[in-house]
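Here the structure is a predicted model, which means the values were calculated and not measured.
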Amino acid sequence: MLYRLRRKHRKNGNTCQCEPETAHTACPLDCQVLTQVGKGCRCRIRGHKSCGAVRQRLLDLGFVPNMEVEVVRCATLGDPLEMRVGDYYVTLRKREAALIEVQDL
């Protein structure tokens, strides 16, 4: 049975293991992604568009819903971004930060 489900997912090209209600949900109009926040601005995390290992890594780093994040600085070419999450600093690639939905404070 499990083999048939895996084969069905592979056939449809769907390899994402995320829960459907949390992944790829429509974002409200006031929502933006973390890369759109300017340097020195603070925002609140609303959710993720990521799935799998990337999602778990972001959650382990503290990018959980309702957490406040401040964009501290970005590198010369705009990648990576340094952010303050709670009382510590985290550096993320731009492609990972683009998966995090935020709301202005």
Side-chain angles (χ1 to χ4, degrees):
M1 178 78 175
L2 186 60
Y3 174 74
R4 287 183 184 166
L5 284 173
R6 287 183 183 162
R7 194 170 78 190
K8 183 179 176 183
H9 280 285
R10 260 188 259 140
K11 194 182 243 181
N12 294 336
N14 185 4
T15 58
C16 184
Q17 302 295 322
C18 297
E19 299 139 10
E21 63 272 3
T22 59
H24 314 297
T25 57
C27 185
L29 294 176
D30 61 341
C31 190
Q32 56 187 354
V33 294
L34 194 53
T35 55
Q36 296 171 334
V37 177
K39 187 173 77 175
C41 296
R42 299 182 67 175
C43 55
R44 185 179 305 273
I45 295 175
R46 295 194 53 138
H48 293 245
K49 288 192 252 179
S50 61
C51 64
V54 174
R55 180 181 178 82
Q56 187 62 50
R57 180 174 174 264
L58 291 173
L59 292 173
D60 290 345
L61 287 172
F63 292 96
V64 294
N66 294 326
M67 178 65 97
E68 291 185 17
V69 176
E70 177 184 357
V71 178
V72 177
R73 68 185 89 160
C74 64
T76 307
L77 298 176
D79 192 23
L81 304 168
E82 183 178 9
M83 286 158 267
R84 183 176 176 186
V85 181
D87 58 347
Y88 58 94
Y89 294 88
V90 177
T91 303
L92 282 182
R93 295 269 180 213
K94 196 172 184 178
R95 66 175 181 253
E96 294 169 341
L99 300 173
I100 301 172
E101 298 172 346
V102 295
Q103 178 183 15
D104 286 335
L105 290 178

Could you tell me the separation between the [atom1] atom of [X] and the [atom2] atom of [Y], rounded to the nearest 0.5 Å?
{"X": "Gln36", "Y": "Asp104", "atom1": "CD", "atom2": "CG", "answer": "10.0 Å"}
{"X": "Arg73", "Y": "Thr91", "atom1": "CZ", "atom2": "OG1", "answer": "8.5 Å"}
{"X": "Gln32", "Y": "Thr35", "atom1": "CD", "atom2": "OG1", "answer": "8.5 Å"}
{"X": "Leu99", "Y": "Leu34", "atom1": "CG", "atom2": "CG", "answer": "10.0 Å"}
{"X": "Leu59", "Y": "Met67", "atom1": "CG", "atom2": "CE", "answer": "11.0 Å"}
{"X": "Leu92", "Y": "Glu82", "atom1": "CG", "atom2": "CD", "answer": "10.5 Å"}

Within 6.0 angstrom of Leu77 CG, more than 12 heavy atoms from elsewhere:
no

task: Look at atom CZ of Arg44 and say whether more than 12 heavy atoms of other residues, nucleotides or ligands are closer to it than 6.0 Å.
output: yes

Can you find a pair of side-chain heavy atoms, one from [X] and one from [Y], that are under 4.5 Å apart?
{"X": "Val69", "Y": "Ile45", "result": "yes"}
{"X": "Glu70", "Y": "Met83", "result": "no"}
{"X": "Cys41", "Y": "Val71", "result": "no"}

Tested for side-chain contact (heavy atoms from CB on, under 4.5 Å) against His48, the lone hit among Val64, Val54, Ile100 is Ile100

**Q.** Pair Asp79-Arg93, side-chain contact (heavy atoms from CB on, under 4.5 Å): steps then yes or no
**A.** CA-CA 6 Å; Asp79 192 23; Arg93 295 269 180 213; 4.0 Å; yes

Exercise. Could you walk me through whether Arg57 and Glu96 pass the side-chain contact (heavy atoms from CB on, under 4.5 Å) test, one step at a time?
Key: CA-CA 10 Å; Arg57 180 174 174 264; Glu96 294 169 341; 3.1 Å; yes

Where is the tightest heavy-atom contact between [X] and [Y], given as atom of each residue plus distance?
{"X": "Val33", "Y": "Ala98", "answer": "CG1-O, 3.4 Å"}
{"X": "Leu61", "Y": "Tyr88", "answer": "O-OH, 2.5 Å"}
{"X": "Gly78", "Y": "Lys94", "answer": "O-CD, 3.5 Å"}
{"X": "Val85", "Y": "Gly62", "answer": "CG1-O, 3.5 Å"}

Can Arg42 and Glu68 be counted as an ion pair, charged N to O under 4.0 angstrom?
-> yes

